[in-house]
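Working notes, beginning with the structure itself.
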Amino acid sequence: MTSRRSVLAVPGSNPRMIEKAKGLAADEVFLDLEDAVAPAAKAAARANIVTALNAGGWGTQIRVVRVNDWSTEHTYADVITVVEGAGSELDAILLPKVTDAGQVRALDLLLTQLEKANGLPVGGIGIEPQIENALGLRNIDAIATASPRVQTLVFGPADFMASINMRTLVVGEQPEGYEPGDAYHHIYMTILLAARAHGLQAIDGPYLAVRDIDGFRRNASRTAALGFDGKWVLHPDQITACNEIFSPRQADYDRAEEILEAYAFHTSTEGGARGAVMLGDEMIDEASAKMAQVIADKGRAAGM
Ligand code: GLV
Ligand code: MG
């Protein structure tokens with residue numbers, strides 16, 4: 001699967017930032033029509049996005065547009081304008097504040113019609129549902145399986161914490177009075193387990209203190225350690241840290257490749273067809289080879 005270690009958010013209302021994003025090392029860029037764009041600027045932002053997608057120059061970046069959620073009056077026009085204008089240059093639609101499978105299905109149906117009417121491959125445009133409220137989290141399995149277009153499950157921490165009335169104003173930090181403990185753990189694990197159960201990527205949302213790179217590293221390292229595939233970045237300075245944190249460490253990657261090589265040899269006929277083998281002081285079996293495979297796959301996808 002294509003790497004999505006870093007997912008750069010860029011306001012669709014800012015053509016200068018969109019142009020700049022093309023040269024950055026983020027694995028995915030999403031052009032925002034939702035919360036980063038004022039209601040009065042949405043129509044102009046759609047036009048900017050169509051122009052920027054058609055102008056090309058994106059390299060290997062995954063190109064995504066975040067539309068407005070289905071409770072607004074904007075969603076249909078966002079999707080129609082962007083897909084009619086630049087559907088062949090668009091990899092996926094990010095759908096925010098998803099509450100249930102019907103919302104994903106509605107987007108799937110609209111995309112199918114647009115693809116057919118515009119000579120695009122049917123099913124070519126993916127969907128990235130964003131989980132940002134209690135209902136969305138409760139319905140996560142149905143959301144994940146609502147359409148074969150679904151590629152990721154994306155956490156929206158700011159909206160989520162607001163939606164459950166959590167008493168905090170700092171995204172990613174613990175609410176005062178709750179420590180010790182991690183107020184995010186249940187949400188992270190629910191999203192991660194649904195992603196793994198249904199073969200999707202799990203993407204963490206933003207860390208808003210953009211000048212605090214140490215804070216970003218701390219926050220990103222938590223979901224990276226659990227097994228998330230990537231995280232949003234809001235500023236170019238966060239990209240290098242994010243790519244590093246969501247790639248395996250070089251020593252772990254080298255060790256994983258070493259384990260896989262030794263396991264493949266010793267379980268083969270010429271290697272003695274053994275089920276478990278010793279590598280240094282450690283016993284390697286089918287399960288530990290699988291753990292090594294996860295790290296090796298991530299490293300290979302990151303070009304290590
Ligand atoms: C992002 O959309 C968030 O709500 O955190
Ligand atoms: Mg949000």
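Computed from a predicted structure; not experimentally measured. All values below were derived from every heavy atom in this structure, side-chain atoms included, with hydrogens, water molecules and symmetry-related copies excluded. Just follow the structure's listing: the first ligand is 1, and inside any ligand the first atom is 1. Numbers for residues simply follow the sequence, beginning at 1.
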Using a strict 4.0 Å threshold on nitrogen-to-oxygen distance, state whether Arg66 and Asp32 make a salt bridge.
yes
Please verify the inter-ring angle class for Phe30 with Trp232; under 30° counts as parallel, over 60° as perpendicular, anything in between as tilted.
tilted
Asp214/Arg217 ion pair, N-O < 4.0 Å
no
CG on Leu137 to CD1 on Ile131, rounded to 0.5 Å
7.0 Å
Using distance alone, with no hydrogens and no angle criterion, decide if Asp285 and Ser288 have a side-chain donor and acceptor under 3.5 Å apart.
yes
Taking the six-membered ring for Trp and the full ring for Phe, Tyr or His, determine whether the centres of Phe246 and Phe228 are under 6.0 Å apart.
no
Would you say the side-chain atoms of Asn219 and Lys231 include a donor-acceptor pair closer than 3.5 Å?
yes
Do any of the N/O/S atoms of Glu34, backbone or side chain, fall under 2.8 Å from the Mg ion (ligand 2)?
no
With the Mg ion (ligand 2) at the centre, find the angle made by OD2 from Asp159 and OE1 from Glu132, to 10°.
100°
Using a cut-off of under 3.5 Å, which N/O atoms of ligand 1 pair up with protein N/O atoms, and what distance separates each pair?
unit_1, atom_1, unit_2, atom_2, d
ligand 1, 2 (O), Arg66, NH1, 3.0
ligand 1, 2 (O), Gln130, NE2, 3.0
ligand 1, 2 (O), Glu132, OE1, 3.1
ligand 1, 4 (O), Glu132, OE1, 2.8
ligand 1, 4 (O), Asp159, N, 2.9
ligand 1, 4 (O), Asp159, OD2, 3.0
ligand 1, 5 (O), Pro157, N, 3.1
ligand 1, 5 (O), Ala158, N, 2.7

